[in-house]
Amino acid sequence: MYFSNKKHLLSYSILATSIIRLLGSFIEAVSRILIRKSMESAPDMADEVLWQIQLGSSVLQLLLICGVFYIAYKKLYRYKSLVDEDDRLEMGRLQQEMLGKNLSSLSADAIGQLLQLWAVILIGAETVYNVSSMIYRNFVMELMSVTEADANFVSLYNLTHGFKYLEMLTAILLGVVVTGIFLKDILLKLVASLIALAFLLSFGIFRMQTVSFLGREVGIVWTSVIFHLTELFGLLLFSIYLSRRYKGL
């Protein structure tokens, strides 16, 4: 069984998630600019007010994303329920013969599987990421209490910060690769591989750099930059690519 080429459940769900993420990141960025940290040399996560705002934003984003995928899956179930389960295979063959190019690029079952995959990544893996972020923050606070020299703290912070993003970035890239396998799309697999390579290089080679922004010294951790660009703008471009390149996805 196939859907119409005008129904885009998967790509629109990822697009909605990207928009929610962008809005959440904007709120967090404005908070960092407006709220003066208690310790200027410490990372943002060490400030209790900024941390509470980030935590609240993350919980709200997760709830909204749960709603997005719940609505998408309800629509998928409703469309599939129009045809009896025993008749769906025959319906798919008939649709291929009669409608041809007006069908979706993947069957309804394949779209449902990808929808579940991305729900697990963007909800389940994100939940694990938030929990690991809390654990990592406790580690950083302990590290600050025992590290006397700022240079030593910055070095250790830079070396360990990539672990915070490793699980979530791996989940996103695996999702892109699996989607590429379903669609037989080499470009998706290639892009995911290049991002993984860039992350590994930044994790092992590049050091934190400090720049001045709006009168404040901002430390740039390249693993963080690559992760957030992938999570925010990468998923946004990914969803647009799916909706433009493939029908009914």
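Both backbone and side-chain heavy atoms feed into the values below; hydrogens, waters and symmetry mates do not. Bear in mind that the values here come from a model prediction, so they are computed numbers and not experimental data.
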Apply ring pair (Phe, Tyr, Trp, His ring centres under 6.0 Å) to Phe238 and list each qualifying residue two or more places apart in sequence or on a separate chain. Trp118
Give me each pair satisfying salt bridge (charged side-chain N to carboxylate O under 4.0 Å, His left out) with a member in residues 8-18, each pair once, sequence neighbours excluded. none
Residues at least two apart in sequence or cross-chain that pass side-chain contact (heavy atoms from CB on, under 4.5 Å) with Ala125, listed by chain then number, are Glu167, Met168, Ala171
Sort and list the pairs that fulfil salt bridge (charged side-chain N to carboxylate O under 4.0 Å, His left out) and have at least one residue in residues 8-18, not counting sequence neighbours. none
Within this structure, what is the CG-CD1 distance for the pair Leu236 and Ile19, rounded to the nearest 0.5 Å? 7.0 Å
Those residues that, when tested against Gln113, pass side-chain hydrogen bond (donor to acceptor under 3.5 Å, both in side chains) (two or more places apart): none
Looking only at heavy atoms, which two atoms of Ile123 and Thr127 are closest? And how far apart? O-OG1, 2.7 Å
For Gly175 and Ile121 the tightest heavy-atom approach is CA-CD1, 3.5 Å
Contacts of type side-chain contact (heavy atoms from CB on, under 4.5 Å), residue Ile71, not counting sequence neighbours: Lys75
With sequence neighbours excluded, what pairs up with Ile195 under the side-chain contact (heavy atoms from CB on, under 4.5 Å) test? Leu169, Leu173, Val191, Ile226, Thr230
Between Tyr129 and Phe227, what is the ring plane arrangement, given parallel below 30°, perpendicular above 60°, and tilted in between? tilted
CG (Leu122) and OG1 (Thr17) are apart, to the nearest 0.5 Å, by 5.0 Å
For this output row, return yes or no: ring centroids of Tyr165 and His228 closer than 6.0 angstrom. yes
By the rule that ILVMFWY residues connect when side-chain heavy atoms come within less than 4.5 angstrom, directly or transitively, which residues belong alongside Leu63? Val59
Tell me whether Leu188 is reachable from Val177 by hopping between hydrophobic residues (I, L, V, M, F, W, Y) whose side-chain heavy atoms are closer than 4.5 Å. no
Please check if Leu55 and Ile135 belong to a single hydrophobic cluster, counting links between Ile, Leu, Val, Met, Phe, Trp and Tyr side chain heavy atoms closer than 4.5 Å. yes
Which salt bridge (charged side-chain N to carboxylate O under 4.0 Å, His left out) pairs, counting each pair once, include a residue from residues 12-24, with sequence neighbours left out? Arg21-Glu126, Arg21-Glu231
In Å and rounded to the nearest 0.5 Å, what is the CG to OG1 distance from Leu174 to Thr170? 6.5 Å
Indicate yes or no: at least one non-hydrogen side-chain atom of Leu242 is less than 4.5 angstrom from one of Leu183. yes
Can you tell me if Leu197 has over 12 outside heavy atoms packed within less than 6.0 Å of its CG? yes
If we only count heavy atoms from C-beta on, is the Lys164 to Thr223 side-chain gap below 4.5 Å? no
Going by the rule side-chain hydrogen bond (donor to acceptor under 3.5 Å, both in side chains), which residues pair with Ser57 if we only count those two or more places apart in sequence or in a different chain? Glu28, Gln61
Measuring from atom CZ of Arg245 to atom CG of Leu187, what distance do you get when rounded to the nearest 0.5 angstrom? 9.0 Å
Hey, what do you get for OG1 (Thr179) to OH (Tyr241), rounding to the nearest 0.5 Å? 11.5 Å
If the condition is side-chain contact (heavy atoms from CB on, under 4.5 Å), which residues does Leu115 pass it with, not counting sequence neighbours? Leu10, Ser13, Phe69, Ala72, Tyr73, Leu76
Under 3.5 Å, is there a donor-acceptor pair between the Tyr12 and Ser243 side chains? no
Looking at CD1 of Ile14 and CD1 of Ile65, how far apart are the two atoms once the value is rounded to the nearest 0.5 Å? 11.5 Å
With a cutoff of under 4.5 Å between side-chain heavy atoms, which Ile, Leu, Val, Met, Phe, Trp and Tyr residues group with Leu194? Leu190
Among Leu15, Ile172, Leu22, which residue satisfies the side chain to side chain contact (heavy atoms under 4.5 Å, CB included) criterion with Leu235? Ile172
Side chains of Ser25 and Leu232: does their closest heavy-atom pair fall under 4.5 Å? yes
